[in-house]
Amino acid sequence: MAKGSAAVLLIDAGNTRVKFAYYERLSAAGAEEAPAAPVRFILTHAEIEGLAAKLKQFATKPSLVIGVNVSGPLSAARIREQLDAHCGEQAYEIHWLASEPQLLHLRNAYAEYQQLGSDRWLAMLGLSVHEAAQKRPAMLISFGTATTIDTVFQDQFLGGLILPGLQLMSDSLVSGTAQLPAIQWATSSYPPAFPSSTAEALLSGITAAQVGAVLRQWLHVLKHCQQAPVVFYAGGAADYVLPELSRLLAEQAQLHGFDTIELLPFEDPALAGLLLYAQYYLAQ
Ligand SMILES: Nc1ncnc2c1ncn2[C@@H]1O[C@H](COP(=O)(O)OP(=O)(O)O)[C@@H](O)[C@H]1O
Ligand SMILES: CC(C)(COP(=O)(O)O)[C@@H](O)C(=O)NCCC(=O)O
């Protein structure tokens, strides 16, 4: 493939949904112009068989596909099938990235680097840009199928937490008990401190488990780095916990002498990391 610039498809295949970003023309790192905004779209795994049809909307076909996949080899094979159907005679390169001890400027603190989910690793690369810009530790909370709470400091992924995501917590209560119902998730609500119904008790319990884990890690980062981190959030379930997360972190920040806490959305951090990698790859 001629390097320098290419039509590039980036893929973040999570356990619930597959996120895509398509750049009709992406230039190598160091190019003067910033990349034009990509077209983004999301498919569930059940919708992957419509990927080839979805890609038909673009005037070009991708010549470079770079992705991360934590949803198993079958997902990768089904995506590949769709890309083959779409690209036909046109050759394309495809690379599924795995975690490494170091990628570009970012170091990985995992003892066995292969264990780290490739989506988390590339998300950390995306996050590292914010860490460098803000000159402060950066945390990323990804409220996906699983919830992950990860930190980058001084160009190193320090490590992070994995806990069941909101839906998994709810599902496990439903399947493991006789009486508990499924939760009806609602955005923009503060779950009550003293729930007086089963529905409220479940909502408050799960939300507290999620934001409590974030708070615990925020305190560890503060102690370890001697600086308040900037906190980013992502993932399909984020909106359900955001009000309580924001309230609790702001309260804790004040208790620790900070006026405010920065809690910022980060739209698909793994795709942001993949973009950096793709630009670097095109420059080789
Ligand atoms: N339209 C939706 N489809 C699927 N999950 C959704 C949707 N809206 C919110 N969610 C929530 O988002 C979670 C999946 O988030 P996502 O960031 O796509 O995860 P993953 O990266 O693990 O695939 C689900 O577990 C569910 O709680
Ligand atoms: C933690 C994860 C399940 C998160 O997946 P997601 O919720 O994004 O679908 C995934 O990154 C994974 O399988 N990781 C491997 C173990 C690790 O990162 O340590």
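Atoms within each ligand, like the ligands themselves, are counted from 1 in listed order. Computation of the quantities below employed the complete heavy-atom set of this structure, encompassing side-chain atoms and omitting hydrogens, waters and symmetry-equivalent molecules.
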Practice prompt. Report, in ascending order of atom number, the atoms of ligand 1 lying under 4.0 Å from any heavy atom of Gly235.
Written response: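 Once the distances to Gly235 are compared, the set is 17 (O).
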
Item to complete: Please identify which atoms of ligand 1 are closer than 4.0 Å to at least one heavy atom of Asn15.
Response: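 Under 4.0 Å from Asn15, ligand 1 has these atoms: 20 (P), 22 (O), 23 (O).
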
Got the closest protein heavy atom to [atom], with its distance?
atom                    : result
atom 5 (N) of ligand 1  : Thr16 CG2, 3.9 Å
atom 22 (O) of ligand 1 : Thr145 OG1, 2.5 Å
atom 7 (C) of ligand 1  : Arg17 NH1, 3.9 Å
atom 16 (C) of ligand 2 : Gln115 O, 3.2 Å
atom 14 (N) of ligand 2 : Gly117 CA, 3.4 Å
atom 7 (O) of ligand 2  : Ala146 N, 2.9 Å
atom 21 (O) of ligand 1 : Lys19 NZ, 2.7 Å
atom 8 (O) of ligand 2  : Asp119 OD2, 2.8 Å
atom 19 (O) of ligand 2 : Tyr110 OH, 2.6 Å

Fill in: Ile162, portion touching ligand 2 at heavy-atom distance under 4.0 Å
side chain

Worksheet item: Side chain or backbone of Arg120 under 4.0 Å from ligand 2, or both, or neither, by non-hydrogen atoms?
Response: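 It is the side chain that touches ligand 2; the backbone stays farther off.
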
Fill in: Nearest neighbour of atom 3 (C) of ligand 2 from the list Val70, Asn15, Asp12, on a heavy-atom basis
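That would be Asn15.
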
Practice prompt. Please work out which of Gly144, Gly117, Ala123 has its closest non-hydrogen atom nearest to atom 13 (C) of ligand 1.
Written response: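 Checking each option, the heavy atom nearest atom 13 (C) of ligand 1 is found in Gly144.
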
Worksheet item: Any idea which atoms of ligand 2 are less than 4.0 Å away from a heavy-atom of Gly14?
Response: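 Under 4.0 Å from Gly14, ligand 2 has these atoms: 9 (O).
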
Mind checking whether [X] has an N or O less than 3.5 Å away from an N or O of ligand 1?
X      : value
Gln167 : no
Gly236 : yes
Ala146 : no
Tyr240 : no

Looking only at heavy atoms, what is the nearest atom pair of [X] and [Y], with distance?
X      : Y      : result
Pro191 : Glu244 : CD-CB, 4.0 Å
Gln90  : Pro62  : NE2-O, 3.0 Å
Glu200 : Pro192 : OE1-CG, 3.5 Å
Val230 : Arg136 : N-NH2, 3.6 Å
Leu282 : Leu26  : CD1-O, 3.3 Å

Worksheet item: Do side-chain atoms of Gln115 reach the backbone of Gly117 as a donor and acceptor pair under 3.5 angstrom?
Response: no

Worksheet item: Does a salt bridge link Glu81 with Arg78, judged by any charged N lying under 4.0 Å from a carboxylate O?
Response: no

Discussion item. Please determine whether a side-chain nitrogen of the Lys or Arg among Glu47 and Arg17 lies less than 4.0 Å from a carboxylate oxygen of the Asp or Glu.
Written reply: no

Discussion item. With a 4.5 Å cut-off on side-chain heavy atoms, are Val18 and Ile42 touching?
Written reply: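 The answer is no; the side chains never approach within 4.5 Å.
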
Worksheet item: Between Tyr281 and His95, does a ring-ring contact (aromatic ring centres under 6.0 Å, His included) hold up when you go through it step by step?
Response: CA-CA 11 Å; Tyr281 182 79; His95 303 277; 5.0 Å; yes

Worksheet entry | Under 3.5 Å side-chain donor-acceptor pair for Thr145 and Thr16 |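 Side-chain D/A pair, Thr145 to Thr16: present.
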
Worksheet item: Taking atom types as modelled, is there a side-chain donor on Arg107 or Tyr113 under 3.5 Å from an acceptor on the other?
Response: no

Worksheet item: When the ring centroid of Tyr22 is compared with that of Phe58, is the distance short of 6.0 Å?
Response: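 Ring-ring flag for Tyr22/Phe58: true, centres closer than 6.0 Å.
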
Worksheet item: Is there at least one pair of N or O atoms, one from Thr145 and one from ligand 2, spaced under 3.5 Å apart?
Response: yes

